[in-house]
2 protein chains.
Amino acid sequence: MKSDMTRLRLLSHGLRALSTDGLSGVTLGRLAEAASLSKSGLFAHFRSKQQLEIALLYEAARSAHGHVVEPAMDAPAGLPQLQALVERWLGWPMRAGLPGGCPIAAALFELDDREGEVREHVAALEREWRLLLGSLVASAVALGHLRKGTDLDQFVWELCGIYLSHHVSARFLRDPSAEEHARLAFGALLRRSGATSPA
Amino acid sequence: MKSDMTRLRLLSHGLRALSTDGLSGVTLGRLAEAASLSKSGLFAHFRSKQQLEIALLYEAARSAHGHVVEPAMDAPAGLPQLQALVERWLGWPMRAGLPGGCPIAAALFELDDREGEVREHVAALEREWRLLLGSLVASAVALGHLRKGTDLDQFVWELCGIYLSHHVSARFLRDPSAEEHARLAFGALLRRSGATSPA
DNA sequence: GGATAATACGACCGATCGTACTATTCTAGC
DNA sequence: GCTAGAATAGTACGATCGGTCGTATTATCC
């Protein structure tokens, strides 16, 4: 359908806006203008601002999956896959063609004190993401790449901290050594977990 | 002066609003109503929305200093002081009476793709904060509490990651084990840096 | 105590917000 | 090619945004 094409265009422009302006920064008027559509025409696609926000967040997750998860799955299972995923994870928005930062990371701070449907969807995405990370760590443990008895939740928790710290130092502080800091931190986390072959 | 009282009341209400709603969520109308003041009366105190935002951010930093830095300075210099500061740092907004999360952490993600004066003030605050953290780590190294040769910048970078991950898991995910994760992560970071007396 | 400046008020500005309702244009199936 | 229904445009709405205005009140200082 023609409508699907338009919807894709809207999601594309909306995702770009989301990455720079955050959820509350994406407005129907601006998005309509960016996508060369009337505001009411845009509004007809999503039946409310909330629905648009949710759609954009899922589009962000879809893009992350395509740019981060899928290519990382080419690596051998276990530690190499985990390392490949982390490498693709850090700074993925830029490689996905987004002009701003990670929309989901930003949403974690924008919605932390807001209730409602949007928050629940972000929470679901974040929980799913951490489950994926945990399963990759578990595989590395099962394959003997990481020490048996490794605290999976703790590993994932600290890995998320590395991602967030990288986001802040790279995007806000514009520290050119953000990548290096993240690499060192991840390496230390691996070593602590008994990685046999450090990258 | 009477005006100073009003200004303090405005900053107090504004800081609360800032912690839950973020910079763009604080509006002149709502703040005026919360502080029982007319919008124009409020506007007379700060000459623009930007000036209000900057004043609120400095108020947040002032509050953090009072609730985090000052009490931590009672601890003996070196590692104990660093540990005391981290303990007070995590979750300080609640202990400061704020209903939401850390306004500065939120600003790091809200302003990462926005230029202007407000961003520069947040950047200055953040840089100053990291300098403080670095100096405490340096003291711990100088006093022999941490290994000589400890990478100060890397330590601070990872510590900030712990703070951010704690913020997300405690405030957004509402994970009751956020404190425990942070404690474990900080302990591991200390151990890696050769701490002789783990807490 | 009276001049003066600070402070607060209410009304209002143009712009934009999200959303609703009504045309109009377009497209798909016959 | 016609027509039904989808897709888009148009218009308007009430609310709120940051901000300005003139005016009234209130402190402050000589």
Side-chain angles (χ1 to χ4, degrees), chain A residues 1-18 20-57 59 103 106-107 110-111 114-119 121-122, chain B residues 1-18 20-57 59 103 106-107 110-111 114-119 121-122:
Chain A
M1 286 194 244
K2 178 70 176 303
S3 164
D4 291 356
M5 287 296 190
T6 305
R7 187 187 171 91
L8 286 182
R9 186 161 43 96
L10 290 172
L11 288 178
S12 172
H13 282 98
L15 185 54
R16 275 199 282 275
L18 181 63
T20 60
D21 304 331
L23 282 169
S24 67
V26 176
T27 70
L28 299 176
R30 277 208 294 265
L31 179 53
E33 191 182 16
S36 303
L37 205 71
S38 70
K39 202 167 73 158
S40 51
L42 183 158
F43 191 79
H45 277 270
F46 315 90
R47 307 187 319 184
S48 72
K49 174 79 190 303
Q50 269 205 10
Q51 294 297 316
L52 170 62
E53 291 179 349
I54 293 169
L56 288 177
L57 286 164
E59 177 67 10
E110 187 174 354
L111 303 181
R114 215 171 86 187
E115 301 300 325
E117 202 180 338
V118 184
R119 181 192 212 284
H121 280 279
V122 175
Chain B
M1 287 193 244
K2 178 67 175 303
S3 163
D4 290 357
M5 287 298 189
T6 305
R7 187 186 170 90
L8 286 182
R9 186 160 43 94
L10 290 172
L11 289 177
S12 172
H13 282 99
L15 184 54
R16 275 199 282 275
L18 181 62
T20 60
D21 304 330
L23 282 168
S24 67
V26 177
T27 70
L28 299 176
R30 277 207 295 265
L31 178 53
E33 192 181 16
S36 303
L37 206 70
S38 70
K39 202 168 70 161
S40 50
L42 184 157
F43 193 82
H45 279 269
F46 315 90
R47 306 188 318 183
S48 72
K49 174 79 191 304
Q50 269 205 10
Q51 292 297 316
L52 170 62
E53 291 179 348
I54 293 169
L56 288 178
L57 286 164
E59 177 67 10
E110 188 174 354
L111 303 182
R114 214 171 85 188
E115 300 300 326
E117 202 180 339
V118 183
R119 182 192 212 283
H121 280 280
V122 175

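Hydrogens, waters and symmetry mates play no part in the numbers below; they use all other heavy atoms, side chains included. What you see is a predicted model, and the numbers here were worked out from it, not measured in a lab. First the proteins, then the strands, lettered A, B, ... as listed; each starts at 1.
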**Q.** Counterpart residues, side chain to side chain contact (heavy atoms under 4.5 Å, CB included), relative to A:Ser48 (two or more places apart)
**A.** A:Gln50, A:Gln51
Q. Taking all non-hydrogen atoms of both residues, which atom of A:Leu42 and which atom of A:Ala32 are closest, and how far apart?
A. CD1-N, 3.4 Å
Q: Can you tell me the distance, in whole Å, between the CD atom of B:Gln51 and the C1' atom of D:dG18?
A: 14 Å
Q. To the nearest Å, how far apart are B:Leu42 CG and D:dC17 P?
A. 12 Å
Q. Between atom CD in B:Glu33 and atom P in D:dG18, what is the gap in whole Å?
A. 14 Å
**Q.** Rounded distance in Å - CG (B:Leu10) to P (C:dA6)
**A.** 18 Å
Q) In whole angstroms, how far is the C1' atom of D:dG18 from the CD1 atom of B:Ile54? A) 15 Å
(Q) Just to verify, what does B:His121 make a ring pair (Phe, Tyr, Trp, His ring centres under 6.0 Å) with, not counting sequence neighbours? (A) B:Tyr58
Q. Atom CE of B:Met5 and atom C1' of D:dA27: how far apart are they, to the nearest Å?
A. 14 Å
Q | Smallest separation among heavy atoms of B:Gly14 and B:Val26, with atom names | A | O-CG2, 4.3 Å
Q) Hey, does B:Ala44 reach any base, or is it just sugar-phosphate, or nothing, if we go heavy atoms under 4.0 Å? A) nothing
(Q) Taking 4.0 Å as the cut-off, does a side-chain nitrogen or oxygen of B:His45 come that near to OP1 or OP2 on C:dA6? (A) no
Q: Specify the closest pair of heavy atoms between B:Ala55 and B:Arg7, including all atoms of both residues, with the distance to one decimal.
A: CB-NH2, 4.1 Å
Q) What string of B, S and - do you get for nucleotides 15-22 of chain C, 5' to 3', if B is base contact, S is sugar-phosphate-only contact and - is no contact with any protein heavy atom under 4.0 Å? A) --SBBB--
Q.
Let me confirm one number: the CG-CD distance from A:Leu10 to A:Glu59, rounded to the nearest 0.5 Å.
A. 11.0 Å
